[in-house]
A.B. asks: 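Can you keep this structure in mind? I'll have questions shortly.
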Amino acid sequence: MNEDIENRLRNALRRIDPPDGFTEKLLAALPGREVPARVTSLRVARPALPAGRWQRLAAPGALAASLLAAVFVGQQIGERRYANEQRAGLEASRELMQALRVTSRKLDVAYQAVHDHDAPPANVDAEESRT
Amino acid sequence: MQAEPAPFDTRTLLLSARAGDRAAFASLVRLHQSSVYSIGYRMLGRRDAAEDLAQDVFLQLYRKLDSIETLEHLGFWLRRVAANLAIDRLRHAAWSTPMSDDLPEPVAPESDDDPLMTRALSGLLGELAPAARAVMVLRYQEDCDVADIAHALDMPVNTVKSHIKRSLTALRGKMLGARLVTAEDMP
């Protein structure tokens with residue numbers, strides 16, 4: 001029973017055409033179509049834009065160069081300070097040795113003076129024995 | 001279903017229309033205009049309303065061409081938009097009265113059916129609720145299966161089946177009540 005109604009419906013509901021001029025009227029009403037902009041992938045764009053690549057590398061490059069310069073300058077300052085300290089140490093050592101030498105000479109002179117003072121003169125001894 | 005050009009040709013048409021070729025778009029319209037216009041006419045019951053709806057559907061298509069992936073998608077998209085737009089207009093406008101224009105029912109050129117029966121069935125169909133009417137139009141005009149109708153109208157498959165069953169019963173009762181057929185005609 002339903003099959004009969006279905007067949008009648010299919011016959012009754014056949015497609016019909018729109019009135020003449022439908023397509024032309026539609027085309028006249030079409031807005032300007034915006035064709036989407038062509039998007040170029042970054043992989044393709046990179047070789048065409050070397051300046052951008054250098055700009056991107058500039059910041060890390062400058063940072064690396066700054067670090068290297070800081071390390072180099074620090075190393076130079078350290079070496080110079082070490083050399084200065086070494087030179088100052090040698091100078092101090094020389095001065096100490098000089099001071100010790102001077103002191104030693106003065107002690108020698110003093111010892112000689114004391115020794116000379118304690119020993120009786122040879123002529124006095126001879127005169128005393130004669131008296 | 002009407003004969004359509006070879007898939008390669010229509011695929012080329014789709015690609016050309018996407019690229020902005022208006023002649024290709026016009027060819028796509030001519031391929032599908034009877035389907036879209038007929039959905040509008042069966043749903044809204046008036047030729048001017050059907051033409052207005054079909055124009056709006058194709059204008060939407062023109063703006064959304066880039067989202068159409070395949071030819072099957074194009075046909076499905078047009079049926080879906082046309083049916084849902086018609087349901088919205090039936091719910092929000094005053095033209096829900098079926099077959100309100102006085103012009104004779106347009107008949108498909110190849111049809112050899114009784115025009116009175118055709119007009120009566122279309123009129124009875126127009127008495128169904130908008131969603132049920134859309135289900136019946138997609139099922140018996142567009143020859144869609146139940147799953148496609150459910151997808152197009154965003155409703156569960158069982159709801160589609162229920163609409164079809166109840167609508168067929170109601171149509172049969174109305175046809176018998178209007179004495180368009182006798183019980184012997186519909187055993």
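These numbers come from the heavy atoms of this one structure, side chains and all, not from hydrogens, waters or symmetry mates.
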A.B. asks: Rounded at 0.5 Å granularity, tell me how far CG in A:Leu13 sits from OG in B:Ser122.
C.D. replies: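 Answer rounded to 0.5 Å: 5.5 Å.
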
A.B. asks: Roughly how far, to the nearest 0.5 Å, is OH of B:Tyr41 from CD1 of A:Ile16?
C.D. replies: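 With rounding to 0.5 Å, CD1 (A:Ile16) is 6.0 Å from OH (B:Tyr41).
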
A.B. asks: So how far is it from B:Tyr62 OH to A:Leu27 CG, rounded to the nearest 0.5 Å?
C.D. replies: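 Spacing of OH (B:Tyr62) from CG (A:Leu27) equals 8.5 Å.
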
A.B. asks: Once rounded to the nearest 0.5 Å, what's the spacing between atom CG of A:Leu9 and atom CD of B:Gln141?
C.D. replies: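 It comes to 11.0 Å.
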
A.B. asks: Report yes if some heavy atom in the side chain of A:Pro19 is under 4.5 Å from a heavy atom in the side chain of B:Arg47; otherwise report no.
C.D. replies: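 A side-chain contact is absent here, since even the closest heavy-atom pair is not under 4.5 Å.
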
A.B. asks: With a 4.5 Å cut-off on side-chain heavy-atom distances among I, L, V, M, F, W and Y, is there a chain of contacts connecting B:Leu71 to B:Leu13?
C.D. replies: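 In one cluster with B:Leu71: B:Leu13, yes.
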
A.B. asks: Would one find more than 12 heavy atoms of other residues, nucleotides or ligands at under 6.0 Å from atom CZ of A:Arg101?
C.D. replies: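 More than 12 heavy atoms, drawn from other residues, nucleotides or ligands, come within 6.0 Å of this atom.
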
A.B. asks: Do other residues, nucleotides or ligands put more than 12 heavy atoms under 6.0 Å from the CG atom of A:Asp20?
C.D. replies: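 Not more than 12 within 6.0 Å, no.
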
A.B. asks: Can you name the nearest heavy-atom pair linking A:Arg15 to B:Ser34, along with the distance?
C.D. replies: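 Smallest interatomic distance, heavy atoms only, reads CD-OG, 3.8 Å.
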
A.B. asks: Could you check whether B:Arg30 pairs with A:Glu24 (Lys NZ or Arg NE/NH1/NH2 to Asp/Glu carboxylate O, under 4.0 Å)?
C.D. replies: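 Yes, charged N to carboxylate O under 4.0 Å.
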
A.B. asks: Determine, using the 4.5 Å side-chain heavy-atom cutoff (strictly less than), whether B:Met155 and B:Trp77 are members of one ILVMFWY cluster.
C.D. replies: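 Yes, B:Met155 and B:Trp77 fall within the same hydrophobic cluster.
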
A.B. asks: Do B:Phe76 and B:Leu74 share a hydrophobic cluster, counting only Ile, Leu, Val, Met, Phe, Trp and Tyr and linking them when any side-chain heavy atoms are less than 4.5 Å apart?
C.D. replies: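 Shared cluster, no.
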
A.B. asks: If you round to the nearest 0.5 Å, how far is CZ of B:Phe25 from CG of A:Leu26?
C.D. replies: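 So the CG of A:Leu26 and the CZ of B:Phe25 are separated by 5.5 Å.
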
A.B. asks: How many angstroms lie between CG in B:Leu61 and CG in A:Leu30, if you round to the nearest 0.5 Å?
C.D. replies: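 One gets 9.5 Å once the value is rounded to the nearest 0.5 Å.
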
A.B. asks: Can you give me the closest heavy-atom contact between A:Phe22 and B:Gln33, atom names plus distance?
C.D. replies: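 Closest heavy-atom pair between A:Phe22 and B:Gln33: CD2-OE1, 3.2 Å.
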
A.B. asks: Judged by atom type as modelled, is there a donor-acceptor pair below 3.5 Å linking the side chain of A:Thr23 to the main-chain atoms of B:Ala26?
C.D. replies: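 No, because the side chain of A:Thr23 does not come within donor-acceptor range (under 3.5 Å) of the backbone of B:Ala26.
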
A.B. asks: So do the side chains of B:Leu59 and A:Pro31 get within less than 4.5 Å of each other, counting heavy atoms only?
C.D. replies: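 Counting from C-beta outward, B:Leu59 and A:Pro31 do come under 4.5 Å.
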
A.B. asks: For the pair A:Glu6 and B:Arg139, find out whether any cationic side-chain nitrogen is under 4.0 Å from an anionic carboxylate oxygen.
C.D. replies: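 No.
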
A.B. asks: Decide whether B:Val157 and B:Tyr140 are clustered together by the hydrophobic rule: side chain heavy atoms of Ile, Leu, Val, Met, Phe, Trp, Tyr closer than 4.5 Å, transitively.
C.D. replies: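 Yes.
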
